[in-house]
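Taking it in order: structure first as structure tokens, then the write-up.
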Amino acid sequence: MYLEYGTPGGSRRLDALLVGAGPGGMLRLVIVELKQWQTCRILDGDRVMRSDGLVTAHPVYQVAAYRSFFQHWRPKDAPELDVRAVVVLHNATSAEGARLLAGVGADAGVPVLTAGDLRGPAGSLAELLHCGDLAAPDAGQVEVFEHVRWEPSSRLLDHVGSDLEGNSTFALVGDQQDAFVRIRAAAAHHLPAHGEDTVQGAGGAGAVITVSGGPGSGKTALAVRLLGRLMRVHPATRPRFITPSGTLRAHLLDAVRGHSAARELFPAAGSLRSTALQAGALVIDEAQRIKRSGAHGLPSDLAAVVEHVALAVIFLDERQVIRPDEGTTVEEIRTAARRLGRVHHHLELAGSFRCSGSAAYTTWVDALLYGRPVRWIGHTGYDLGLAEDPFALQRWTEQATAAGHSARTTAGFCWPWTRTRPRGAATLPLDISIDVPTTDPAVPLRTWRAAWNAATALTDPDGLPLAPNSQLWATHTGGHQQIGCIYTAQGLEYHHAGVIIGPDLTWANGRWHAHPEESRDKDLRHLTPDQYLRYALNTYRVLLTRGTHTTRIHATDTGTQRFLDQLISPAPAG
């Protein structure tokens, strides 16, 4: 029996895994999912609401996904496995167990045991746990099982690869396509093709490819399409995709949710080193966010990638470094690759596929933050404007959403963020509070309040979504009613972007000034103003370049708002 059995990459942990020998010596696995619930409410085929109000995956489908992992990640040389699954609710009644099974397809084949079942005779319990016909495996069988190197089947790779390559969200144009062709050529040279087990030719030493580009240059779209290609054409290399952005990873998992065994193809960033020792092809996105852990030079986890992975394709933007413990550069990767005798290629994506393709807008943002600010004179296809106050920004977001467009508002991390909420709460805490001044003595001071996006999904008593969890805030229903920050917006986009520049960054005397004491990020508050300025500018650069069609800006500092008003032409009516 194995407790907390971890799958490759650490993305899932099984409560208990029983391994036994069936008739004829075949190994049989029984996956046991344990729940302490006494009661729950069925919302639909995939979700249940616990008694504390938390919405979570239906345990039958959760354990069925674990079973799918062993079925689809079994290598060719692994022993034959018969995989079973069971859910155990040791605090629930038989009536609750029956309710949980109601509506679950009979083909799921996952029984639900409750407290009454556990009190039965030992023999009957073994039958209920699907163990009645099993014997203890011998030492040889245990050794064989423990040395199985779980890897995805070619069928799973082909299916997921087809979905990613065919997804219009990740379509490639311009220099994205040129880069894709060059990386494909490198992969053909350094990696075994479909049906081959070893690399052919002189390229066996492997290569490291860095791809850089600014916001909206198409790095993520290219990275995902590349993963799909590697899965289909080079499956023997066990390709993987890793990003330090939990938000981006959540969206990728959402994109392949139709394949329950695909989760392990997107390991968490914390398993980068172990993945580097297993994968022959690795795609890394947002690499500038990989933690340095206090070390100088290339982060040790990334150094392991450069040393061991036959083909590593690393996407990064050096101006999207938003914390002091981040900041990998192309030069550091190039130096490490050359020191190890690895081939290094660098590709630059210069296009702009966000902001309606308006390089004029992204150039304006870079000049505003890093160079000499210039007046925005407009650009066909992109709409930039100033919001008078947060109330106007909120109305604009709601109108865009009502018109069927995706619209989100983000802000600097300058207000507290309540991560927990009372049991059964149907609203989020209004942590963000901004006083709106008035020049008319007859008009009272107004205070605008709003909530940050939810740490966990919020639903009403009927299970209808009120707010998605923060990682899916940018795309799921209800996200427009909460405010996002750098950590939930980076790497994503939406049609219309509202941005609140908080009191941590102000314009005065012809330059930007940083105020780390206004930040709520505990890792940044201790910095000097000069040190903090870099991260503040990079943060707002990311937030200002999320919109594909429109951006509206409001600054809480009146001097900064006046300065922006001088630069930005009035927005067209409507």
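All of these numbers come straight from a predicted model, not from anything done at the bench.
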TODO: Identify which one of Asp521, Asn453, Ile483 satisfies the side-chain contact (heavy atoms from CB on, under 4.5 Å) criterion when paired with Trp417.
DONE: Asn453
TODO: Among Val211, Thr328, Leu272, find the residue that satisfies the side-chain contact (heavy atoms from CB on, under 4.5 Å) test when tested with Ile284.
DONE: Leu272
Closest approach of [X] to [Y] (non-hydrogen atoms, all atoms of both residues):
| X | Y | answer |
| --- | --- | --- |
| Pro324 | Leu527 | CG-CD1, 3.9 Å |
| Tyr361 | Leu544 | OH-O, 2.7 Å |
| His496 | Ala400 | CD2-CB, 3.6 Å |
| Thr397 | Arg408 | CG2-N, 4.4 Å |
| Asp15 | Leu34 | OD2-N, 2.8 Å |
| Pro244 | Ile290 | CG-CG1, 3.6 Å |

Let me confirm one number: the [atom1]-[atom2] distance from [X] to [Y], rounded to the nearest 0.5 Å.
| X | Y | atom1 | atom2 | result |
| --- | --- | --- | --- | --- |
| Ser245 | Leu492 | OG | CG | 6.5 Å |
| Arg240 | Glu264 | CZ | CD | 8.5 Å |
| Gln561 | Glu388 | CD | CD | 8.5 Å |
| Ile434 | Arg446 | CD1 | CZ | 12.0 Å |
| Thr560 | Trp507 | OG1 | CH2 | 9.5 Å |

Return yes if a side-chain donor-acceptor contact under 3.5 Å exists between [X] and [Y], otherwise no.
| X | Y | result |
| --- | --- | --- |
| Trp473 | Gln482 | no |
| Asn469 | Thr456 | no |
| Thr551 | Tyr382 | yes |
| Thr548 | His495 | no |
| Asp504 | Tyr540 | yes |
| Glu318 | Gln320 | no |
| Arg225 | Gln176 | no |
| Asp285 | Thr220 | yes |

Open item on the list: Strictly distance-based, threshold 3.5 Å: is any side-chain N or O of Arg546 a donor or acceptor partner for the main-chain N or O of Val542?
Closed with: yes
Task: Lys219 side-chain N/O to Gly214 backbone N/O, donor-acceptor pair under 3.5 Å - done: yes
TODO: Flag yes if more than 12 heavy atoms outside Gln36 fall under 6.0 Å of its CD atom; otherwise flag no.
DONE: no
Open item on the list: Is it true that, when you exclude Glu398 itself, more than 12 heavy atoms of the residues, nucleotides or ligands shown sit nearer than 6.0 Å to its CD?
Closed with: yes
Task: Aromatic ring proximity Tyr487/Trp452, centre distance under 6.0 Å - done: no
- [ ] Kindly indicate, with the supporting measurements, whether the criterion salt bridge (Lys or Arg N to Asp or Glu O under 4.0 Å) is fulfilled by Arg273 and Asp301.
- [x] CA-CA 5 Å; Arg273 183 187 295 270; Asp301 286 352; 3.3 Å; yes
